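Accompanying notes for the structure given below.
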Amino acid sequence: MILSVEDLRELAKRRVPRAIFDYADGGAYEERTLRRNGADLDALTFRQRVMIDVSNISLATNFLGAAASMPLGIGPTGLAGLFHADGEIVGARAAAACGIPFCLSTMSICSIEDVRAATKQPFWFQQYLMKDRGFNQELIDRAAAAQCSALMLTLDLQVIGERRRDPRNGLTIPPRLNLRNAVDVAMRPSWALGMLFGKRRTFGNLVGRIGGTSGIRTLAEWTATQFDASANWRDVEWVRSRWPGKLILKGVLDAEDARFGVAAGADAIVVSNHGGRQLDGAPSTISVLPEIVDAVGGRCEVLFDGGIRSGQDIAKALALGARGALIGKSFLFALAAAGEAGVTKAIEIMRNELRVTLALTGTTSVDAVGPHILRAGHTQSRPL
Ligand SMILES: Cc1cc2nc3c(=O)[nH]c(=O)nc-3n(C[C@H](O)[C@H](O)[C@H](O)COP(=O)(O)O)c2cc1C
């Protein structure tokens, strides 16, 4: 019985090989920040309110001027197409049908053009700053040609945090069958068949675009050779000057950086620590959200990610000032568990949880959510 995102996670564990599951489930180094994201959200408690008319509750909102049915979006995740055949297309379709935004990663399996051809709603496109700025320009042009409604520039991956589960599991792209994983794969026949008969198994946006991609087998290897460790705010301004549409800056965890982001022309920032996959020992996103909202002072939208597994978590992020929340792992678990139906299920579970949470805190719309729905004094990181 699937009643929660955790149920989808358990199902995902059984549906995809360990290396794929762990790639989503894990974080960097000792995974402290990964755990903190969830623990600090859990530590927040709601103020239960009673005898308020909650017979009509509105979850509708908008992101960057576009209507959304609830304050939730699917964030960019590399390799989604390895969790389920054509995973990015499937995810974009589910998001569109549920009325929420979908962001495609540069490191996706389905390319920008694949997703554009297979979907009707505009989607967001995420990119990193590459050493080869010509390639960034090319990606910007491709996103514009695909009529992407926003460009998301990720700022927190100039170098890659070591995700230790990946080398331990021997994760390669495309996945390879070897003696170590043969039994694991054989026990997951529907995944194996999906991959075997699926057209796409490697980085769709990169193949054939930069010399030598065919020899690249791991994400860490690709990142080390292509991402620009010297990138700085002037480069963000460069992207701003090249992209005429809405610009989202993702990976802000510090109030001063938030101010720089606003000055660089961001339409939105995403408070994010990459789901605990980069700087281990960094604070949880929920613990820094209030100071970042304060620093931004309404000059751009503030989105939030990190540890969102339920509608309650979304309500907590809204209470501390976010306009909406994005999901990474919850999306991938749902995708691995049951493809498009799984992603739809995850969104609907979160929608219902959010609706009930608003009702029981005496709140009738997402616009009316504020810090008053939380009990005071529970926002500090605690040692794990
Ligand atoms: C498997 C995986 C791959 C990811 N790939 C990307 C990516 O390509 N680009 C990016 O900006 N963020 C990427 N992220 C980070 C997510 O966009 C998001 O910040 C994070 O997952 C949020 O935390 P959550 O997983 O707890 O929801 C990835 C996250 C995961 C779990």
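By convention here, the first residue in the shown sequence is residue 1. Remember, it's a predicted structure, so these values are computed and weren't measured experimentally. Atoms within each ligand, like the ligands themselves, are counted from 1 in listed order.
- In summary, R240 and E237 do not engage in a salt bridge, as defined by a charged side-chain N under 4.0 Å from a carboxylate O.
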Side chains of residues 328-335: which donor-acceptor pairs under 3.5 Å do they make with residues two or more places apart or in other chains?
unit_1 : atom_1 : unit_2 : atom_2 : d
K329   : NZ     : G275   : O      : 3.1
S330   : OG     : I308   : O      : 2.7

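- Ring-plane geometry between W233 and F260 is classed as tilted, the angle between the planes lying from 30 to 60 degrees on a 0 to 90 degree scale.
- Side-chain contact between R163 and Q278 is present, with heavy atoms from C-beta onward closer than 4.5 Å.
- The cationic atom of R165 (NZ for Lys, CZ for Arg) does not lie both less than 6.0 Å from the six-membered ring centre of F21 and within 45° of the ring axis.
- Annotation: ligand 1 has protein neighbours Y23, A24, P76, T77, G78, S105, Q126, Y128, T154, K250, S272, H274, G275, R277, D305, G306, G307, R309, I327, G328, K329, L332, each with a heavy atom less than 4.0 angstrom from the ligand.
- Side-chain atoms of D235 come within 3.5 Å of backbone N or O of N232 as a donor-acceptor pair.
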